[in-house]
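Before any comments, here is the structure.
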Amino acid sequence: MNIEESINYTFKNKNLLEEAMTHTSYANEMGTKSNEKLEFLGDSILEFVSSEYMFKHFPKLNEGELTKSRATVVCEASLYEVAKRHNFSEYIKVGHSERANNGNNKPAILADSVEAIIAAIYFDGGLEEAKKFIIDNLKDAMEVATVNVGEKDYKTVLQEKLQENGDVNIRYEIIDEWGPDHDKNFKAEVSVNDVVLAQGEGKSKKHAEMEAAKIAMENLEKDKDADNV
């Protein structure tokens, strides 16, 4: 499978694809264009498209949560995963010294090439095609980012609630996990001063801990309501 088949886009102007896959080190050696300028534009397109997508699909998130979620999606680690999925390391052109240092596999270089590809698709096929590439490749990352964005909030709220009358020992523990490696499930338990408050399940350890904290907060609220009856 070649790169166009992998990314599900066929370039009318193959020069744009070649430019997007040309690192500065190679361009300097060969006296040709690098992908730096495409990367610059691709970064802006990525931010816009991911912002628009999350704004429309996750209306319950506030501005701060949307900002945090977007930062997770457009970061180097996230884009590196996209590059690995499409084997960009086989296609990216790097200079001799970079290649000697395994430069074609460096996360930063590969992440930058994803941004360059986004801009190249934009110039070749328009914004809708660039959007399609971004959403096809980062939709799952957006889902995960928006689910996990509230984790710190639940755990922080629970901590503040439990420490109203002084310091306490809050502990989270993964007590069970099941399923194949590509579809794991986890069960977490939260306790305070060795007293179990709640358990929660999720597709990641962090999500399971978040659910445990959320359920613990709900239980505390129920107890409080019962005391007031």
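Here the closest heavy-atom approach between residue A198 and residue I215 is recorded as CB-CG2, 3.8 Å. In terms of heavy-atom proximity, N35 sits nearest to A116 at CB-CB, 3.7 Å. Closest of all the heavy-atom pairs between T22 and K33 is CG2-O, 3.3 Å. Contact record, N137 with H86: OD1-NE2, 2.6 Å, taken as the closest heavy-atom pair. Residue P107 comes nearest to E76 through the heavy atom pair CB-OE2, 3.6 Å, listed as atom of the first residue, atom of the second, then distance. The shortest non-hydrogen separation linking A119 to L41 is CB-CB, 4.1 Å.
With values rounded to the nearest 0.5 angstrom, E189 atom CD is found 5.0 Å from Q199 atom CD. Separating the CD atom in E19 from the CG atom in L38 is a distance of 4.0 Å, to the nearest 0.5 Å. N87 contributes atom CG, which lies 11.5 Å from atom CG of N2 (distance to the nearest 0.5 angstrom). Atoms OG and NZ, from S25 and K93 in turn, are 12.0 Å apart once rounded to the nearest 0.5 Å. Going from atom CG of N104 over to atom CG of N102 covers 5.5 Å, rounded to the nearest 0.5 Å. Between L66 atom CG and S51 atom OG the span is 8.0 Å, to the nearest 0.5 Å.
Residues M30 and V94 do not share a hydrophobic cluster, defined by chaining ILVMFWY side chains whose heavy atoms lie under 4.5 Å apart. Connection of F48 to L138 is established within a shared hydrophobic cluster, with ILVMFWY side chains joined at heavy-atom distances below 4.5 Å, either directly or through further cluster members. Under the 4.5 Å side-chain heavy-atom criterion for grouping Ile, Leu, Val, Met, Phe, Trp and Tyr, L46 is connected to Y53 within one hydrophobic cluster. The cluster map of Ile, Leu, Val, Met, Phe, Trp and Tyr, joined by side-chain heavy atoms under 4.5 Å apart, puts L127 and V74 in the same cluster. Follow the hydrophobic side-chain contacts under 4.5 Å out from I175 and you never reach M210; the two are in separate clusters.
A donor-acceptor pair under 3.5 Å is absent between the side-chain atoms of D167 and the main chain of Q163, judged by distance alone. In this structure, N169 contributes its side chain and N193 its backbone to no donor-acceptor pair below 3.5 Å. The backbone N or O of T24 sits nowhere less than 3.5 Å from a side-chain atom of S34 that would complete a donor-acceptor pair. The main-chain N or O of N62 is found under 3.5 Å from a side-chain atom of E65 such that the two form a donor-acceptor pair. No donor-acceptor distance shorter than 3.5 angstrom exists from the side chain of S6 to the backbone of I3, with no hydrogens or angles considered. Side-chain atoms of K12 come within 3.5 Å of backbone atoms of D124 as a donor-acceptor pair (strictly under, hydrogens ignored). Distance alone, capped at 3.5 Å, places no donor-acceptor pair between the E211 side chain and the A208 backbone.
Look at E98 and K106 and you find a salt bridge, because one of the NZ, NE, NH1 or NH2 atoms lies within 4.0 Å of a carboxylate O, short of that distance. Checked for salt-bridge contact, E4 and K14 meet the test: a charged N lies under 4.0 Å from a carboxylate O. In summary, E143 and K139 do not engage in a salt bridge, as defined by a charged side-chain N under 4.0 Å from a carboxylate O. We find that E128 and K131 are joined by a salt bridge, their nearest charged nitrogen and carboxylate oxygen being less than 4.0 Å apart. In summary, K206 and E209 do not engage in a salt bridge, as defined by a charged side-chain N under 4.0 Å from a carboxylate O.
The side-chain heavy atoms of L197 and L162, taken from C-beta on, include a pair separated by under 4.5 Å. No side-chain heavy atom of V49 sits less than 4.5 Å from a side-chain heavy atom of F133. Contact check for L158 versus V192: no side-chain heavy atoms found under the 4.5 Å cut-off.
Within a 6.0 Å radius of NZ in K37, other residues, nucleotides and ligands contribute 12 heavy atoms or fewer. Remark: Y122 OH is loosely packed, at most 12 non-hydrogen atoms of other residues, nucleotides or ligands lying under 6.0 Å away.
Contacts classified as ring pair (Phe, Tyr, Trp, His ring centres under 6.0 Å) and involving residues 19-40 (residues at least two apart or in different chains) are not found.
Ring pair Y9/F11 is perpendicular by interplanar angle, where above 60° counts as perpendicular and below 30° as parallel.
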Residues L61, K68; criterion side-chain contact (heavy atoms from CB on, under 4.5 Å); working and verdict: CA-CA 10 Å; L61 296 186; K68 289 178 185 175; over 6 Å; no

Chi angles and distances behind the side-chain contact (heavy atoms from CB on, under 4.5 Å) call for M21, S113: CA-CA 6 Å; M21 288 287 106; S113 70; 3.7 Å; yes

M142 vs S50, side-chain contact (heavy atoms from CB on, under 4.5 Å): CA-CA, chis, key distance, verdict: CA-CA 8 Å; M142 291 186 213; S50 57; 4.0 Å; yes

Intermediate values then yes/no, side-chain contact (heavy atoms from CB on, under 4.5 Å), N185 and K203: CA-CA 5 Å; N185 292 275; K203 296 302 250 181; 3.3 Å; yes

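W178 belongs to no hydrophobic cluster with other residues, because no ILVMFWY side-chain heavy atom falls under 4.5 Å from its own, directly or through intermediates.
S44 meets the side chain to side chain contact (heavy atoms under 4.5 Å, CB included) test with no other residue; sequence neighbours excluded.
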